[in-house]
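For the numbers below, each heavy atom of this structure counts, side chains included, while hydrogens, waters and symmetry mates do not. Model, not experiment: these values are computed from the prediction.
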Amino acid sequence: MMRTRPLKVALLGCGVVGSEVARIMTTQADDLAARIGAPVELAGVAVRRPDKVREGIDPALVTTDATALVKRGDIDVVVEVIGGIEPARTLITTAFEHGASVVSANKALLAEDGTTLYAAAERHGQDLYFEAAVAGAIPLVRPLRESLAGDSVNRVLGIVNGTTNFILDRMDTLGSGYSEALDEATALGYAEADPTADVEGFDAAAKAAILAGIAFHTRVGLDDVHREGITEITTADLASAQRMGCTVKLLAICERAADGRSVTARVHPAMIPLGHPLASVREAYNAVFVEAAAAGQLMFYGPGAGGAPTASAVLGDLVAVCRNKVAGAVGPGESAYTQLPVSPMGEVVTRYHISLDVADKPGVLAQVATVFAEHGVSIDTVRQTGKDGEASLVVVTHRALDSALSGTVEALRGLDTVRGVASIMRVEGE
């Protein structure tokens with residue numbers, strides 16, 4: 001039997017995502033009620049600009065006082081899509097204090113201070129759901145929290161930022177320069193006016209922190225994630241990758257150590273073989289691999305951003321949280337029982353592609369190979385081209401410690417035959 005009293009929802013933010021959430025709540029009200037077991041009512045919308053016309057939203061619901069809205073006491077669920085750290089953190093914790101569960105898309109806040117939010121939700125017996133914070137419409141958080149709760153996840157590897165994937169895809173397939181590809185991404189709405197969060201890897205790093213924490217049942221903060229962006233990637237890097245039968249992607253990689261005693265989380269550009277499924281992820285799409293002990297390798301693929309895809313994830317969480325309200329239950333909270341340390345990037349083992357500008361004369365290759373050997377870095381392949389006294393030397397290593405590679409590069413820079421280090425890139429996805 002359906003409950004007649006509606007569940008009241010407060011919406012914080014009514015931009016691209018928030019307006020789509022409100023639209024779906026209105027146009028699909030009957031279906032949502034049938035799925036939840038109770039009607040759902042939009043009880044208030046907090047915005048910064050109240051005079052803006054918002055199609056389909058009753059102006060009487062609009063307020064600039066978000067604090068008063070979450071303190072009302074009759075609100076069952078707060079949907080937070082304003083982003084940022086404050087006032088979002090205070091509004092969310094206040095919502096918990098006043099008896100409301102929370103659905104959030106705020107990756108930055110969850111990565112920086114998820115522990116506070118989890119604790120507040122548990123203290124007040126409320127839900128905190130955040131599927132939309134990672135990879136847009138792709139169901140990823142709930143499978144990790146619930147579907148794989150009985151398994152042991154060893155690795156999460158994927159493309160979690162659509163803007164950077166679009167830029168790198170254009171550079172690879174069309175030969176566009178970085179600036180040209182970024183301009184196209186901006187014109188199409190894939191990149192913000194200030195693209196720093198995307199192109200410098202901050203967005204992907206926040207998602208990596210969230211995914212690592214859930215996957216490995218430990219607390220991983222934004223500061224624990226090694227981060228590199230794509231602003232230094234050149235068409236020459238893409239061309240070099242193509243010669244190796246690879247392409248370049250910005251990857252989020254979260255791994256449990258082989259001995260199970262630590263984890264790593266990192267975001268950086270990497271070459272991956274064209275035969276790897278991630279190599280075929282085009283334009284602004286996202287794709288994530290999850291490797292678990294029993295389940296094996298799972299792949300999640302789809303649009304990682306945009307109003308409608310993100311709203312889909314928000315609405316999925318809203319339905320789940322409302323069902324819990326109807327049943328008088330609470331969903332899964334934080335699971336951080338393992339308390340595993342997060343190892344620094346220097347302890348990560350991977351392959352490397354190093355491009356050197358060197359003097360074109362006998363003995364250079366022997367000098368370079370000696371430096372690699374002295375630092376315990378084994379060489380897989382070498383390719384040398386050159387003329388008129390200048391040459392390019394491309395070295396691909398076997399797997400080595402990041403710290404060992406760093407020492408190798410510093411030593412190479414000290415050779416009088418090495419004019420410069422053109423690029424260094426990791427090789428993943430073997």
So does [Y] get a backbone contact from the side chain of [X], meaning a donor-acceptor N/O pair under 3.5 Å?
{"X": "Thr397", "Y": "Tyr352", "answer": "yes"}
{"X": "Arg145", "Y": "Ile214", "answer": "no"}
{"X": "Asp169", "Y": "Arg282", "answer": "no"}
{"X": "Glu80", "Y": "Ile82", "answer": "yes"}
{"X": "Glu20", "Y": "Ala308", "answer": "no"}
{"X": "Arg383", "Y": "Ser392", "answer": "no"}
{"X": "Asp224", "Y": "Gly221", "answer": "yes"}
{"X": "Lys249", "Y": "Val281", "answer": "yes"}
{"X": "Asp151", "Y": "Ala294", "answer": "yes"}
{"X": "Lys207", "Y": "Val160", "answer": "yes"}

Exercise. Can you check side-chain contact (heavy atoms from CB on, under 4.5 Å) on Leu91 and Thr67, steps first, answer last?
Worked result: CA-CA 6 Å; Leu91 290 170; Thr67 301; 3.7 Å; yes

Problem set entry | Among Lys107, Arg89, Arg219, the one residue meeting salt bridge (charged side-chain N to carboxylate O under 4.0 Å, His left out) with Asp113 | Arg89

[X] atom [atom1], neighbour heavy-atom count above 12 within 6.0 Å:
{"X": "Arg48", "atom1": "CZ", "value": "no"}
{"X": "Glu232", "atom1": "CD", "value": "no"}
{"X": "Gln242", "atom1": "CD", "value": "yes"}
{"X": "Arg413", "atom1": "CZ", "value": "yes"}
{"X": "Glu55", "atom1": "CD", "value": "no"}
{"X": "Glu146", "atom1": "CD", "value": "yes"}
{"X": "Asp223", "atom1": "CG", "value": "no"}
{"X": "Phe289", "atom1": "CZ", "value": "yes"}

Taking all atoms of both residues into account, what is the closest heavy-atom pair of [X] and [Y], and its distance?
{"X": "Ala66", "Y": "Ala46", "value": "CB-CB, 3.7 Å"}
{"X": "Leu148", "Y": "Ala295", "value": "CD2-CB, 4.0 Å"}
{"X": "Leu340", "Y": "Gly260", "value": "CD2-O, 3.5 Å"}
{"X": "Val225", "Y": "Ala205", "value": "CG2-O, 3.7 Å"}
{"X": "Gly162", "Y": "Asn286", "value": "N-ND2, 3.4 Å"}
{"X": "Val45", "Y": "Cys14", "value": "CG1-CB, 3.8 Å"}

Salt-bridge criterion met for [X] and [Y] (N-O under 4.0 Å):
{"X": "Arg266", "Y": "Glu255", "result": "yes"}
{"X": "Arg426", "Y": "Asp402", "result": "yes"}
{"X": "Glu428", "Y": "Arg351", "result": "no"}

Gap separating the [atom1] atom of [X] from the [atom2] atom of [Y], nearest 0.5 angstrom:
{"X": "Thr381", "Y": "His398", "atom1": "OG1", "atom2": "NE2", "result": "8.5 Å"}
{"X": "Ile210", "Y": "Leu110", "atom1": "CD1", "atom2": "CG", "result": "4.5 Å"}
{"X": "Leu128", "Y": "Ser101", "atom1": "CG", "atom2": "OG", "result": "9.0 Å"}
{"X": "Leu168", "Y": "Tyr178", "atom1": "CG", "atom2": "OH", "result": "9.0 Å"}
{"X": "Thr64", "Y": "Leu69", "atom1": "OG1", "atom2": "CG", "result": "10.5 Å"}
{"X": "Leu250", "Y": "Ile167", "atom1": "CG", "atom2": "CD1", "result": "10.0 Å"}

Test item: [X] and [Y] side chains (from C-beta on) under 4.5 Å apart, heavy atoms:
{"X": "Arg323", "Y": "Val326", "answer": "no"}
{"X": "Val248", "Y": "Ile230", "answer": "no"}
{"X": "Leu12", "Y": "Val70", "answer": "yes"}
{"X": "Leu11", "Y": "Met25", "answer": "no"}
{"X": "Arg72", "Y": "His98", "answer": "no"}
{"X": "Arg54", "Y": "Val47", "answer": "yes"}
{"X": "Asp76", "Y": "Cys322", "answer": "no"}
{"X": "Val290", "Y": "Leu140", "answer": "yes"}

For this session: Please test Leu32 against Leu318 for side-chain contact (heavy atoms from CB on, under 4.5 Å), starting from the C-alpha separation and ending with a verdict.
Result: CA-CA 10 Å; Leu32 292 174; Leu318 179 62; 5.6 Å; no

Exercise. After noting the C-alpha distance and the side-chain angles of Ile92 and Ser104, does the key distance pass the side-chain contact (heavy atoms from CB on, under 4.5 Å) rule?
Worked result: CA-CA 9 Å; Ile92 289 173; Ser104 176; 4.3 Å; yes

Exercise. Quick one: do the Thr63 and Asp65 side chains pair a donor with an acceptor below 3.5 Å?
Worked result: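 Judged by distance alone, the side chains do not pair up.
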
For this session: For the pair Glu347 and Thr264, evaluate side chain to side chain donor-acceptor pair (under 3.5 Å) and give the outcome as yes or no after the intermediate values.
Result: CA-CA 9 Å; Glu347 297 179 17; Thr264 59; over 6 Å; no

For this session: Please work out whether the ring planes of Tyr190 and Phe166 are parallel, tilted or perpendicular, with thresholds of 30° and 60°.
Result: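 Tyr190 and Phe166: tilted rings.
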
Exercise. Yes or no on side-chain contact (heavy atoms from CB on, under 4.5 Å) for Ile138 and Glu131, after CA distance, side-chain angles and deciding distance?
Worked result: CA-CA 8 Å; Ile138 304 172; Glu131 185 67 68; over 6 Å; no

For this session: Using side-chain contact (heavy atoms from CB on, under 4.5 Å) as the criterion, point out the one residue from Val267, Thr164, Ile272 that pairs with Leu251.
Result: Ile272

For this session: Go through Asp237 and Ser240 one step at a time and tell me if the side chain to side chain donor-acceptor pair (under 3.5 Å) criterion holds.
Result: CA-CA 5 Å; Asp237 292 324; Ser240 187; over 6 Å; no

